[in-house]
Structure formats: C-alpha cells, structure tokens
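Have a look at the structure below before the remarks.
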Amino acid sequence: ARRQAVARYFATEINGSMTRFALRFPLFSERIASVITGLNTEQQVREAVGYLDDVSPRPQLTEKALNLWQSGFDIA
C-alpha cells in the first residue's frame, strides 16, 4: 500500500521508473547525505550511473515526501 501511495503521489517525478526516481531522489535534497543501494551486477551499476545524469536540486520534493510520510501514506 505504501509503494502504491508513493507511486501515485510522485507519479510525475517517477515518470515510469521507480528505480530511477529512488536513485535520483537523494540528489534532489541537501538533507540526504548518503544512499545504500543493492547493485549486484556491472549492468546494474551502469544503469544506475546513467540515471544520475542531469540532476538538479529540488528541495521541495523532500518536503513533499515528508508530507506523505506524516499523512501515514494517505494523501489522495
């Protein structure tokens, strides 16, 4: 249910790839200092690195995520 709420709430930002969004999200905010990923293959690393091109800070997304969390993932 939470994944579906995130997918609905961030549909525009996800734009078809939850993985891409998840890897890029930490770069949108100065509040996030590190990320732990579960990459197992060279292909996964190459794909992940490609997702990180052209990322500009968007601190409003952190606030949007906080609002979703505080709502108990129950935002229409």
Side-chain angles (χ1 to χ4, degrees):
R2 286 183 178 181
R3 183 179 172 92
Q4 291 171 340
V6 170
R8 277 193 317 272
Y9 199 58
F10 288 100
T12 301
E13 293 86 358
I14 290 171
N15 195 24
S17 176
M18 182 70 88
T19 301
R20 180 179 179 270
F21 176 68
L23 289 170
R24 293 168 64 98
F25 185 83
L27 300 177
F28 294 140
S29 173
E30 295 176 354
R31 293 181 183 185
I32 301 170
S34 62
V35 178
I36 299 171
T37 62
L39 305 175
N40 296 311
T41 67
E42 182 179 336
Q43 178 59 33
Q44 287 175 330
V45 172
R46 289 180 191 278
E47 188 175 279
V49 169
Y51 288 153
L52 302 178
D53 289 339
D54 301 318
V55 177
S56 299
R58 294 173 58 190
Q60 71 276 13
L61 286 183
T62 306
E63 295 304 317
K64 189 173 177 179
L66 180 61
N67 290 337
L68 181 61
W69 178 269
Q70 290 173 334
S71 76
F73 292 85
D74 190 27
I75 293 180

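The figures that follow rest on heavy atoms only: side chains count, while hydrogens, waters and symmetry mates do not.
- Partners of Ala48 by side chain to side chain contact (heavy atoms under 4.5 Å, CB included), not counting sequence neighbours, listed by chain and number: Leu23, Leu39.
- By the side chain to side chain contact (heavy atoms under 4.5 Å, CB included) test, Ala65 pairs with Phe10, Phe25, sequence neighbours left out.
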Distance-only check: which donor-acceptor pairs under 3.5 Å involve side-chain atoms of residues 55-62, not counting sequence neighbours?
from	atom 1	to	atom 2	distance (Å)
Thr62	OG1	Ser29	OG	2.9

Practice item. List the steps and the verdict of side chain to side chain contact (heavy atoms under 4.5 Å, CB included) for Phe21 and Asn15. Key: CA-CA 8 Å; Phe21 176 68; Asn15 195 24; over 6 Å; no

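- Shown here are the ring pair (Phe, Tyr, Trp, His ring centres under 6.0 Å) partners of Phe28, two or more places apart in sequence or in another chain: there are none.
- Evaluation of the side chain to side chain contact (heavy atoms under 4.5 Å, CB included) rule for Glu63 yields Arg31, Leu66 as partners, not counting sequence neighbours.
- Note that OG1 of Thr37 and CD of Gln44 are 9.0 Å apart. Values are rounded to the nearest 0.5 Å.
- Grouping the Ile, Leu, Val, Met, Phe, Trp and Tyr side chains by contacts below 4.5 angstrom, directly or via other members, places Trp69 with Met18.
- Of the possible polar contacts, none joining the Arg24 side chain to the Ile14 backbone as a donor-acceptor pair under 3.5 Å is found.
- Looking at residues two or more places apart in sequence or on another chain, you find no side-chain hydrogen bond (donor to acceptor under 3.5 Å, both in side chains) involving Arg2.
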